[in-house]
Amino acid sequence: MTEQYARIIIDISHEKVDRTFDYRIPERLSEEVSVGSLVLIPFGKGNAMRKGYVVGITPHADYDKDKIKEIAGIVTDSVTAESLLISLAWWLKEQYGSTMNQALKTVLPVKQKIKPKEKKILRCLLKPEELKKALEEAERKNYKARFRLFQAFMESPMIPYEIAVNQMNLSSATLKPVIEKGLITLESEEVYRNPITLKKSHAQHVLLNQEQQTIVDAFQRDYSENIRKTYLIHGVTGSGKTEVYMELIDRVIQEGKQVIVLIPEIALTYQTVMRFYGRFGSRVSIINSRLSAGERYDQFERARNGDIDIMIGPRSALFTPFSRLGLILIDEEHEGAYKSEVVPRYHAREVAEKRASMQNASLVLGSATPSLEAYTKALRGEYSLFLLTERAKKDSRMANVWVADLRQELKEGNKTIFSRPLKEKMEERLAKKEQIMLFINRRGYANFVSCRSCGDAIRCPHCDVTLTLHNNRSLVCHYCGHTIPMPNECPSCGSPYIANFGVGTQKIEQMTKKMFPSARILRMDLDTTKKKGGHEEILTAFSEGEADILIGTQMIVKGHDFPNVTLVGVLAADLSLYTPDYRGAERTFQLLTQAAGRAGRDEKPGDVVIQTYSPEHYAITTAASQDYPAFYEQEMVFRRMMKYPPANVLLTIQFSSKNEEALISASEAVAAYVTPLAEKEMVQTIGPSEASVYKINDIYRKILYLKHVNYDILIKIRDQIDGFSENRPDLFDLVLIQYDFS
DNA sequence: AGCACGCCGACT
DNA sequence: GTCGGCGTGCTC
C-alpha cells in the first residue's frame with residue numbers, strides 16, 4: 001500500500017492557523033483515520049500536541065516530504081456531541097457541496113481568542129514604589145513594550161491577558177521574562193459571564209383546547225413508545241401553537257432530554273423570549289445575531305456542559321452541542337430565513353431531520369402556511385400532520401377578507417393607491433379610534449412589468465416566471481435568458497398603461513397623509529428601523545396607541561399582537577406575486593395569510609382588504625378564503641407542470657468571476673460537459689443565463705439550472721462537474737462555482 | 001497560540 | 001562587540 005497523507009485543520013480556533021496542514025498517516029492508524037476523524041498531532045516548533053480534524057486524505061502531499069510529521073493518535077474520548085457534529089459536517093459537505101473546512105465552520109462554534117471558560121489575567125506583584133522604579137527603568141532603557149505594560153499597571157493591578165496581547169500589542173516574548181523574574185504573574189480566573197438570572201419557573205400550565213390537547217397526547221404516546229418522527233403542525237394564525245410547543249418541550253425535558261427551538265430571527269421578539277423564560281427559567285438559553293461571539297460561545301459551552309436543556313435561536317442554533325437531544329422544534333417552518341445564504345447552503349429543516357435521526361430525537365415543524373415541501377411530505381405520510389383550526393383566544397374569530405380589484409378602480413377613474421372599499425373602511429376605523437395596518441409586500445428587486453388595465457404581468461413563454469426589466473429597454477428571463485424588447489402596450493389587452501411595478505414606503509406615507517390629514521401615521525421600513533432597537537420601538541409605540549396607522553413591509557406582520565388593530569390593508573398583492581422566480585405565488589399566499597392574521601386578535605372583529613390587479617389569481621382567492629389545501633393543490637399543479645420544487649429537485653449552479661470572458665467560457669464548458677450526462681439520466685438543463693443581478697461589486701454571475709425528480713442523480717452530476725472543473729484549472733482558475741439545491 | 005529568528009539600540 | 005528586548009513570520 002502506498003503512503004497516505006491526511007489534510008488536517010488544527011482546531012479551528014484561530015484565524016492564523018485557519019487552513020489545512022498535511023500529516024503522514026502511520027501504518028498502525030491507516031484503518032482508523034478517515035475524513036472527519038478527530039486526531040492528535042504534533043504542531044509547531046515545540047511539537048506541542050494539538051487536536052485536529054481530518055478534512056481530506058490524499059496519496060500526494062503538496063509539501064516537502066521531509067518536513068511532514070506523523071499523526072500521533074486518534075482522539076477517542078471526545079465529547080459525543082462534538083464527534084456527532086463533525087459527522088454532521090461531513091453530511092453537510094456531501095449533501096450541499098462545500099469543502100470540509102466550510103462545513104466544519106458551520107457546525108462548530110468558532111472559538112474567539114482566549115478560551116472563555118478560564119480567562120487569563122496578568123497581575124502585578126510589585127508595590128507601588130517598586131512599580132514606579134520599574135517603570136522609570138523601562139523608560140530609561142527604552143524597553144518600549146515593557147514600559148507600556150508597567151504604565152498599564154499604574155492604572156490597575158490586573159490586566160486581562162487578552163487586552164495585553166491585542167490592544168497593548170505585547171507578545172509572549174515580552175511577557176515571559178517579566179513573569180520569570182517574578183514581577184508579575186499570569187493566572188487564570190473563572191469568569192462568570194452572564195448566566196441568565198431570572199425568576200424560577202412558575203409552571204403556569206395553560207389549559208389547552210381540544211385540538212391542542214390532541215397533538216400533545218399523540219406526541220406523548222409516540223414519545224413514550226420510543227417512536228421518533230417528524231410532525232407538522234398546521235395551525236392558523238393565533239391558534240396557540242406556542243402553548244403546544246411548551247407542552248411538548250416540557251414532556252421531553254422531563255425525560256432528561258434536551259431541546260432545540262428554531263425561530264426566524266425577525267420573530268424573536270421580547271414577548272416570545274419572556275414566555276420561554278417564564279415557563280422554563282434558567283434552563284433556557286437564547287442566542288441571536290446581536291450576541292457577541294464570546295457570549296454565543298459561552299451559550300454553546302453551557303449547552304455542552306449540560307447546564308441548560310433548551311436552546312432557542314435562529315438556524316445556527318441547530319448546531320448546539322447537546323448530547324442528549326430529544327426534540328428539535330422549528331417554528332414558522334416555511335420561513336426563507338431557514339435557508340443558509342452562504343456555503344454550505346443548507347436548509348435547516350433538512351439538517352434538523354438528519355440531526356434528529358442521528359440522535360434519536362423527534363422533529364416538530366409548525367406553521368400557519370406550511371412550505372410546499374413540508375406539506376407534500378405530510379400528505380405522503382412521511383410526516384404526521386396535525387391541524388389547529390380555531391383561534392385559541394376566546395371570542396376571537398378569523399378576519400373577514402375583501403378583495404378589491406384595482407383594474408376596476410382605474411376603469412372608474414380612481415387613480416389613488418386606495419381602493420374605495422379600503423378608503424371607506426379606513427375612515428370608519430379612524431372615526432372609531434381603532435387602529436389600521438397598511439402592508440406593502442414588496443421584496444427585493446421587483447422589477448417586473450405589468451398592465452394596470454388587465455393586471456397581467458409579462459412572462460417568459462418557456463418558464464412561466466415574470467420577465468425582468470433591464471435598463472428600461474428590454475425584458476429578460478432569469479431562468480433561460482429569453483429576451484424581448486420592452487413593449488409599448490400590453491401584449492394581452494393592448495392598453496398603454498404598462499409600467500414597472502414598485503412603490504416605496506415613503507411615497508405611500510405621503511399619499512396616506514394627503515388622504516387622511518388628521519391621522520397619526522407611523523412608518524416602519526429599513527430606514528426607520530436602522531438604528532438599534534428601532535424595530536421594537538416603533539412596534540411598542542404603535543401597540544400603545546401612539547398612532548392610528550402603521551405602514552410597513554413584511555416586518556410588521558410578524559410576532560406582535562395588536563388587540564386594537566381591526567383593519568389590515570394590503571396595498572398591492574401583486575408585488576410579491578410576480579417576482580421573477582417560481583415561488584411568487586407561495587410567498588404571496590404566506591404574506592397575505594399572515595397579514596390577515598394580524599386583524600382582530602381580540603374580541604373586536606377584524607377586516608382585511610387585499611388590493612390587487614389579479615383578483616382571480618388562485619394565490620389571492622385562496623388566501624382570501626383562508627383555504628390552504630386549495631392553494632396547495634393549485635400551486636402543485638403549476639410546480640409539477642413546470643418541474644419546479646418540490647415536484648422536482650432543482651440544482652442551481654452559480655458561476656461567478658471578475659473576468660467576464662473566463663465566466664462565459666467556464667459556464668459554457670460546464671454546460672457542454674453536462675449535456676450528454678443529463679441526457680443519459682433524463683435531467684433537464686436550463687441555461688447558462690445571467691443571474692438576476694448580473695454584476696455585483698464587479699463580479700459577474702451566471703446560472704445553470706438542472707432539474708430532476710431524484711436528488712441523488714443530481715448529486716452525482718454535481719460531483720462529476722466538480723471533478724471536471726478540478727481537472728481543468730485553465731478554464732476554472734478565475735471562476736467560482738457554487739451549488740444550491742432546492 | 002507559541003516559538004524562534006533577526007533586527008536594533010544600549011551597555012561593558 | 002555582545003546582550004537582550006521587540007516585532008514578525010511560521011507552524012505540515
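A note on names: the letters A, B, ... follow the listed sequences, proteins ahead of strands, and every chain is numbered from 1.
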Rounded to the Å, how far apart are [X] [atom1] and [N] [atom2]?
X         : N       : atom1 : atom2 : result
Asp64(A)  : dT11(C) : CG    : P     : 10 Å
Leu175(A) : dG4(C)  : CG    : P     : 18 Å
Phe43(A)  : dG9(C)  : CZ    : C1'   : 12 Å
Phe150(A) : dG5(C)  : CZ    : P     : 11 Å
Glu139(A) : dC6(C)  : CD    : P     : 13 Å
Tyr143(A) : dC3(C)  : OH    : P     : 14 Å
Leu40(A)  : dC12(C) : CG    : P     : 14 Å
Arg148(A) : dC6(C)  : CZ    : P     : 8 Å

**Asked** Counting only heavy atoms not in Lys144(A), do more than 12 sit closer than 6.0 Å to its NZ atom?
**Response** no
**Prompt:** Has Lys69(A) got more than 12 heavy atoms of other residues, nucleotides or ligands less than 6.0 Å from its NZ?
**Reply:** yes
**Asked** Quick one: which of dC6(C), dG2(B), dC12(C) gets closest to the side chain of Thr174(A)?
**Response** dC6(C)
**Message:** Starting the side chain at C-beta, find the nucleotide from dG2(B), dC12(C), dG7(C) nearest to Ala145(A).
**Reply:** dG7(C)
**Request:** Mark up nucleotides 3-12 of chain B, 5' to 3', with B wherever a protein heavy atom is under 4.0 angstrom from a base atom, S wherever such an atom reaches only the sugar-phosphate, and - elsewhere.
**Result:** BS----SS--
**Asked** Any donor-acceptor pair under 3.5 Å linking the side chain of Arg7(A) with the backbone of Thr58(A)?
**Response** no
**Message:** Salt bridge check, Glu681(A) against Lys716(A): does any charged N sit closer than 4.0 Å to a carboxylate O?
**Reply:** yes
**Complete:** What one should report as the nearest heavy-atom pair of Arg345(A) and Tyr739(A) is CD-O, 3.6 Å
**Residue list, salt bridge (Lys or Arg N to Asp or Glu O under 4.0 Å) with Arg349(A), at least two apart or on another chain** = Glu333(A)
**Request:** Classify the nucleic acid contact of Tyr23(A) as base, sugar-phosphate or nothing, counting any heavy atom under 4.0 Å across all strands shown.
**Result:** sugar-phosphate
**Prompt:** Checking all strands, does Arg24(A) fall into the base, sugar-phosphate, or nothing category for heavy-atom contacts under 4.0 angstrom?
**Reply:** nothing
**Request:** Using the aromatic ring of Tyr63(A) (for Trp, its six-membered ring), decide whether it stacks on the base of dC12(C) within the limits of 5.5 Å and 30°.
**Result:** yes
**Message:** Does any part of the side chain of Thr185(A), heavy atoms only, come nearer than 4.5 Å to the side chain of Leu125(A), both counted from C-beta?
**Reply:** yes
